[in-house]
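Heads up, the thing below is written out as structure tokens.
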Protein chains: 2
Amino acid sequence: MMELTRKGEYAIRGIVYLAQQPAGKVSLISEIAQATEVPQTFLAKIFQSFAKLGLINSSRGTGGGFILGRPASSITLRQVVEAVEGPIMPNRCLLGTGSCERDGHCRVHPVWKTVQSHVVGILDGVTIEELASK
Amino acid sequence: MMELTRKGEYAIRGIVYLAQQPAGKVSLISEIAQATEVPQTFLAKIFQSFAKLGLINSSRGTGGGFILGRPASSITLRQVVEAVEGPIMPNRCLLGTGSCERDGHCRVHPVWKTVQSHVVGILDGVTIEELASK
DNA sequence: ACCTTTAAGACCAGTTTAGTCTTTTTATAA
DNA sequence: TTATAAAAAGACTAAACTGGTCTTAAAGGT
Ligand code: SF4
Ligand code: SF4
């Protein structure tokens, strides 16, 4: 239960690799894919999601590639995971009112809410900078 | 991310219903399915998993049905969820050594371990008795 | 015998996962 | 201005998983 998909795992590996590069260095997707042992075309998709959210900046053409969009210390593990896997949501009823007609009197509902806030708290407490340090 | 499946949701509803019945009362799968708004044949499968683990007792024939296998206070939400969804496992590398060759130096690994232990702790801290009280 | 009830397992449509492949766009360099 | 380099976009796919259904078998009661 609650397993991270390959996409999430690869996403973390990819952005951590970026954070480990010297400041200002632009990395090619081919280079990142090889270093992180992730299929290149799949990683490219993942990085597109990051770029849309501003987590990384991309540039095309000769000398192009990827670079962190903001300091590694301001990117949390939660942001990376949610960028590719969607919000952390242990049960459907946490989305909003009306998603389950039982949620008024349901005793299980608050348990899932607790789980959600704990997991969010843990992942928000870890930055990519911390993960990148060796 | 981390969403409980229908099977897990239905499993909880079903066993909580059983716990809400008067002591000694045997419930039919048709009755439970109707009360919990779960497809009957699907719920039957779920209850088979419970029976194998001893969480509930089943008997066939006239007068048969399902009854809790042990006190609701000694069944935790974790046991119920894991019975149908498998172990709580945020990432593959938590299964055992060797599942990821990076786990020695990996900084992400301990984060998933923390997530796992928190979620397990929360779900183990909730009994079906608590969920069944009205 | 006959009826009731769960057990077991085959089956299935739809969705998601984990990618691949091709074409297009943008940027640099000769 | 042409060639080259690189990411972006999107179509496509096989395999697995989800959320069930259906049929037959087994066990128990009358
Ligand atoms: S029954 Fe309770 S836990 Fe289940 S979806 Fe509804 S509100 Fe959430
Ligand atoms: S978190 Fe680290 S140890 Fe776990 S699968 Fe990812 S790289 Fe491997």
Side-chain angles (χ1 to χ4, degrees), chain A residues 1-15 17-18 25-34 36-69 81 83-87 89 91-92, chain B residues 1-15 17-18 25-34 36-69 81 83-87 89 91-92:
Chain A
M1 188 212 172
M2 330 208 6
E3 247 174 79
L4 193 73
T5 64
R6 299 274 174 191
K7 192 154 81 165
E9 167 71 20
Y10 294 163
I12 299 166
R13 282 197 216 168
I15 203 160
Y17 176 87
L18 264 196
K25 191 207 157 193
V26 169
S27 304
L28 298 183
I29 194 72
S30 55
E31 168 199 337
I32 307 165
Q34 187 164 44
T36 56
E37 297 172 289
V38 173
Q40 181 174 327
T41 53
F42 197 23
L43 189 64
K45 292 270 172 220
I46 292 165
F47 270 46
Q48 280 175 34
S49 309
F50 287 161
K52 270 176 195 156
L53 293 168
L55 260 45
I56 61 173
N57 290 327
S58 66
S59 50
R60 304 201 244 198
T62 311
F66 297 95
I67 194 166
L68 239 45
V81 169
V84 297
E85 304 242 24
M89 185 81 44
N91 203 352
R92 290 164 173 79
Chain B
M1 188 210 172
M2 331 208 7
E3 246 173 81
L4 193 72
T5 64
R6 299 275 172 192
K7 193 154 78 163
E9 166 71 21
Y10 295 163
I12 299 166
R13 284 196 214 169
I15 204 160
Y17 176 87
L18 264 196
K25 190 205 158 195
V26 169
S27 304
L28 298 183
I29 192 72
S30 55
E31 168 200 338
I32 307 166
Q34 186 164 44
T36 55
E37 298 171 287
V38 173
Q40 182 174 328
T41 52
F42 197 24
L43 189 64
K45 290 274 171 215
I46 292 165
F47 270 45
Q48 281 175 33
S49 309
F50 287 159
K52 270 176 197 159
L53 293 169
L55 262 44
I56 62 174
N57 291 328
S58 65
S59 50
R60 306 200 246 201
T62 311
F66 297 95
I67 193 165
L68 239 43
V81 168
V84 297
E85 304 242 23
M89 185 81 44
N91 203 350
R92 290 164 171 80

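We name chains A, B, ... by the order of the sequence lines, and we start the count at 1 in each one.
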When the distance from CE of A:M1 to C1' of D:dT18 is rounded to whole Å, what number comes out?
-> 15 Å
Qualifying residues under side chain to side chain contact (heavy atoms under 4.5 Å, CB included), relative to A:M2, sequence neighbours excluded = B:M2, B:I88, B:V119
Within-4.5 Å side-chain heavy-atom neighbours: A:I15 and A:L68 | yes
The nucleotide from D:dA9, C:dA7, D:dG19 with an atom nearest the side chain of B:Q48 is C:dA7
Out of D:dA9, D:dG19, C:dA7, which nucleotide sits closest to the side chain of A:K52?
-> D:dA9
Are the side chains of B:K45 and B:K7 in touch, meaning some heavy atoms are under 4.5 Å apart?
-> no
Phosphate OP1/OP2 of C:dA18: any A:T5 side-chain N/O under 4.0 Å = yes
For A:N57 and D:dA8, what is the distance between atoms CG and P respectively, to the nearest whole Å?
-> 11 Å
In whole angstroms, the gap separating C1' of D:dA7 from CG of A:L55 amounts to 17 Å
Exactly one of A:Y17, A:F50, A:F47 clears ring pair (Phe, Tyr, Trp, His ring centres under 6.0 Å) with A:F66, and that residue is A:F47
Nearest whole angstrom, please: distance from the P of C:dA8 to the CD1 of B:I46.
-> 15 Å
Applying side chain to side chain contact (heavy atoms under 4.5 Å, CB included) to B:Q34 and not counting sequence neighbours gives none
Provide, to the nearest angstrom, the distance between the CG atom belonging to A:L28 and the C1' atom belonging to D:dT4.
-> 14 Å
Interatomic distance, B:E85 CD vs D:dG19 C1' [rounded to whole Å] = 12 Å
In this structure, CD1 of B:I46 is separated from CD1 of B:I29 (nearest 0.5 Å) by 8.5 Å
Distance, rounded to the nearest Å, where A:F66 contributes CZ and C:dA27 contributes P = 14 Å
Sugar-phosphate means primed atoms, P, OP1 and OP2; the rest is base. With that split, encode nucleotides 20-30 of chain D 5' to 3' as B, S or - using protein heavy atoms under 4.0 Å.
-> BB----BBBS-
D:dA6 P sits how many Å from A:E31 CD, rounded?
-> 11 Å
Got B:R6 and A:R92 here, is their nearest side-chain heavy-atom distance under 4.5 Å?
-> yes
